Every structure is written in structure tokens, then in C-alpha cells.
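Report on the structure given below.
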Protein chains: 2
Amino acid sequence: MKKVGEPAPKTRLLRAAAALLAESNGEPVSTRQVTEAARVSAPTLYHHFGDKEGLFDAVVAEGFSEYLGAERSLPTSGQPIEDLRMHWDNHVQFGLDHPHLYLVMFGNIRPERRPSMVASAEAFLEEVLARAAEASRLVVTPHEAARSMLAANIGVTLMLIAEPAAKRNLELSAMTREAVISAVATTSESDPVTETEGTPSVVVAAIALNAALQSSHPDQLSSSELKLFLEWLQRISSRSGS
Amino acid sequence: MKKVGEPAPKTRLLRAAAALLAESNGEPVSTRQVTEAARVSAPTLYHHFGDKEGLFDAVVAEGFSEYLGAERSLPTSGQPIEDLRMHWDNHVQFGLDHPHLYLVMFGNIRPERRPSMVASAEAFLEEVLARAAEASRLVVTPHEAARSMLAANIGVTLMLIAEPAAKRNLELSAMTREAVISAVATTSESDPVTETEGTPSVVVAAIALNAALQSSHPDQLSSSELKLFLEWLQRISSRSGS
DNA sequence: CACTTCATATAACGCCGCTATAGGTGCTAC
DNA sequence: GTAGCACCTATAGCGGCGTTATATGAAGTG
């Protein structure tokens, strides 16, 4: 057993690589930088990780298990749809917290040697969606829903990472999140798939009012009231059909 | 003026770089490969492009102008929403046709030095969406809508590129496309709100929704929520002129 | 102790991006 | 026509990179 005073070279390499990746702004990190920072010689790196890619794969795997751990430890609200929102937001937040790691994980996808992590993320999301499916809240299979949600989630996160932290607009995330969720699930408490009976005119009118409210805010409602009102309006508007 | 028999070295470099990038499966392309393929010596490359990055920026810029050209030359169907679908599909198709180019364009985004192309793509999409807005079909600003759509579009395309061509399921694209579009725009064909004047349209739409709700209660809202919702709706409907 | 096994180090190879320097090549001025 | 001048291209090489052949130490086992 090692004392904490001096971690093993393998650990030092991993930490140094992770730290350098996080610092060096997207530029590639050289093995020499890493071995120097870990106070270790080149062959040690190759002994433990095989090659540079192996080292950074390990870094990414560690980051990913941190991500998955965080995802798995999120509480279950009991409301599957609310859970979906939570996991979406958690994904985005992880990307913003570890931008360079995230870019390696989800941005630099090489076909063929596809990161198994993306598949794992998909599988995990599918689990959450399966719970929603059990509650009869899905209008597509959990597999399809997971892929669509993950794709949009990654796209949004990449876009947010790409722009300066100062002018990041998280509304992009919320808006896209609701879009995908409402296409994939029904938000109704009861009797999910009515679709046939509901009078379409309600939906049409709700959409119209929603649109009208975008350009002109009524002064009869306070801003907090308006916020909730719009949310409900959107719920009504997005009754899933097709 | 050069005959076509032997393009200028600059052109040869560009073509060689583009070809090598398309062939070499995601692995980096070396300047030596490029100069050799272009039958040119190293300093020529640096004379014309300054830098390896400059060369590949040029390749990407060419690919991007091909993309934008294709986008701009798409016919306008006259139906803004249908146009949105067309441009979405065109984006995905471009990514699948030029996967490696696409990954460099939209996958490897480096913060700071943000590819101006992503911004251009966003701007172009915003134009299309502005047309939809003029037809009163948007429920959010064209800017927000463009960002959300582009983010989802990129996410979907990256995911499709990442998986083997054989088992690609374009339904992922269609499904996500409809999700985002329906969140951003109304799909109703007829006169959502007559928009001709600013404020009255809100009142008109509110009255219409109120009327529709009398005959059919939406299941997206609980009864207590509905009660409050109707109350607010009435407040909006009874706005005294203005 | 001899022996194996693992972990680390020295020193070097070959490829890479890039450049200091210099040599054509074609145009304009006289 | 040739001197001057920009432009374009080539020879040769530097320093940094990923990687490895080889050797040395350290730790457990008979």
C-alpha cells in the first residue's frame, strides 16, 4: 500500500495528463510535457499505457466515469419527465465544467474506433427513458428517444462550449431540451395517448397565442405569472401527435 | 492564365490536402504527405498558406463555401417550414458526404478562435427563419431558433457520422428535426394569428383559446392548474383596447 | 543466494512542422 | 537587351515530437 505522500508514477502520469489537457487550450499535449510534469521518463509512460492515445483514453475514461457516476447519483424525482430534464442539464453542466475533456469525449469522434463511452451514455439515458416508458410517457421507443436526446444534448453542449463563457445563453439549452422532450414524451399526468379525441383547435389556438405573446407582452400578468402561463401554454401547444 | 493541363502549385496543394483529408481516416495529415502529393516542396506550402493550419483552414473554407453554396441554391418552396426541413436535411447530407471535412468544421471546435463558418451557418439559417417569422410562423426570435436548430442539427449529424454507414438510421434525423421545428414554429397552415397589428392579436388569440377550452379540456394541465390558467386567460382577453 | 518479474531510466531513431538561405522566372524600365 | 525587381520555388537543416532498443534497479520467491 502506498502512502499518499507520493502517488505511484502511473497515478502521477494520469493526473499530469488530465491537468495539462484541462489547461492547454485545446492545443495538443505532448508526451514530453506529461512525463516531465509527472517527473517520470518516457518509457514509464509506454510501460503503463502503451502509447499516447492509451494515456489520454485513460484520462477520458476517468472523466467519463466521473460523469456517469454523477449521472447515476442524481436522485430520482419520481417524475420520469422531470428526471430527463435533470439529466440533460447535468450533461450540459459537465461539458461546461470540463470543456476540453468534453471535446475529446464527444467532439473528436473517430468513426471506426468509436468511443464506447458515447454508447454507455446512450445506454444510461435509455435506462432513464425506459422508466418513462413504463409510466407510459413515451411516444417512441426508449432507444430512439435516447439517441435523439443525446444527439441534441451533445450539439447544444458543443455550441455552448464554443462561445465565450461570458455571453453563454443557457436558454438555448432549456429551449432545445423542451423541444426534444416534448417530441419524445407526453407531458400529461394521465392518459398519455389520447391524441385522437382532443380537439385540435385547442392546440392551434394555444400555439397562436404563444406566438402572439412573443412579440407583445401583456401587462395584465406579472412577469412570474407570465412565465408560468407560458409554460402551461407550451404544454398545451406541444401535445404530441403526428 | 494557366491551362488546365497543370494547375498552379497553390491549387495542387489545396486539392492534395483535401483529397488526403478525405482519405486518411481521421488520422492527421502531414505536410510532407501533402507536398509530396502536390509534387511541390515544403517552402511552397508555407509561402502560399503560411502554416499547416492555414492550409487546412483553406481546405475547410472551400468545403464550407461549397456547403453554403448548396444551401443558398436550394429552391424556396414558398412554405417556410418546409424550407426549414429541406435545409436541415441538406446539412445532414453534407456531413455524411464529407465526414472528415465535417468533423473539422463542426466537431473540433476550438473556443477562442471560433470558426467563423459556424457563425455563417448560423446567420444563414437565421435568414431562412426570418422568412418564417415574416409569415408569422415562429414562436421565438429567429436568432434563438437558428441557434437551437443548428445545435441539434450538428449533434445529429455528428452522431450519424460516428456510426457505421450500414446501420445509419436517418429516422434519428427526421425525428429530431421535427422536434426542434415544432418547438420553434407553428405548423398550422392557416392564419395562426393575424399579426397585422401589434397588440390586438394577443387578445384575439386569447379569446380563441378560451373558446376552444370551453368545449375540450386539455389533459396536460391538472384541474387546479387549469382553473388558474383560465383566469389569467380571461384577464388577457379583457384587455381594454390599448 | 540465484532467479524471475516488474518498474524505471538512458539514449537514440525516424517523422513531423517549419525556416534560413538561395536560386530561378518573368515582367518592366531604360 | 539587359539590369533591376518582385514573385515563386527548392535545398538542406533545426528542434520537437511519438516511440523504442537496451539496460538498470527493486521486489518477491525457490
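Fair warning: this is a prediction, and the values are worked out from it, not measured in the lab. All chains are named by letter (A, B, ...) in the order of the sequence lines, taking the proteins before the strands, and each is independently numbered beginning at 1.
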Measuring from the side chain of Ser30(B) (C-beta onward, heavy atoms only), which nucleotide among dT19(D), dT9(D), dC16(C) has the closest atom? dC16(C)

Using every non-hydrogen atom in the two residues, find where His87(B) and Leu74(B) come nearest and quote the distance to one decimal. ND1-CD1, 3.5 Å

Arg32(A) CZ to dA9(C) C1', straight-line distance once rounded to whole Å: 14 Å

Near DNA chain D, which residues from residues 13-24 of chain A have a heavy atom under 4.0 Å away? none

Where the side chain of Glu27(A) meets the backbone of Ser24(A), is there a donor-acceptor pair that is under 3.5 Å apart? no

Which part of the nucleic acid, if any, lies within contact of Val29(A), taking any heavy atom under 4.0 Å across all strands shown: a base, the sugar-phosphate backbone alone, or nothing? sugar-phosphate

Taking Val29(B)'s backbone N and O only, do any of them form a donor-acceptor pair with Lys52(B)'s side chain (distance below 3.5 Å, no angle check)? yes

Nearest to the side chain of Val40(A), heavy atoms from C-beta on, is which of dA9(C), dA12(C), dT9(D)? dA9(C)

Atom CD of Glu27(B) and atom P of dG18(D): how far apart are they, to the nearest Å? 16 Å

Taking Glu178(A)'s backbone N and O only, do any of them form a donor-acceptor pair with Ser182(A)'s side chain (distance below 3.5 Å, no angle check)? yes

Spacing of Lys52(B) atom NZ relative to dT19(C) atom C1', expressed in whole Å: 17 Å

Distance check needed: dC16(C) P versus Glu53(B) CD, whole Å only. 19 Å

Integer-rounded Å distance: dC17(D) C1' and Leu45(A) CG: 13 Å

note: Lys10(A), atom NZ; dC6(C), atom C1'; distance rounded to Å ~ 13 Å

Can you measure His48(B) atom NE2 to dT19(C) atom P for me and round it to whole angstrom units? 16 Å

Ser77(A) side-chain N/O to Gln79(A) backbone N/O, donor-acceptor pair under 3.5 Å: yes

Any side-chain donor-acceptor pair under 3.5 Å between Gln93(B) and Asp89(B)? no

Side chain of Thr31(B) only, please: which of dT11(D), dG17(C), dT19(D) is the nearest? dG17(C)

Which nucleotide in the list dT9(D), dA9(C), dT8(C) gets nearest to the side chain of Ser41(A)? dA9(C)

Among Tyr67(A), Phe64(A), Phe106(A), find the one that has a ring pair (Phe, Tyr, Trp, His ring centres under 6.0 Å) with Phe94(A). Tyr67(A)

Provide, to the nearest angstrom, the distance between the CG atom belonging to Asp51(B) and the P atom belonging to dC16(C). 17 Å

So, is His47(A) near the phosphate of dA7(C), with a side-chain N or O under 4.0 Å from OP1 or OP2? yes

I want to verify a distance call: between dT8(C), dC18(C), dG18(D), whose nearest atom is closest to the Tyr46(B) side chain? dC18(C)

Nearest listed nucleotide, side chain of Ala42(B), among dT19(C), dC17(D), dT8(C): dT19(C)

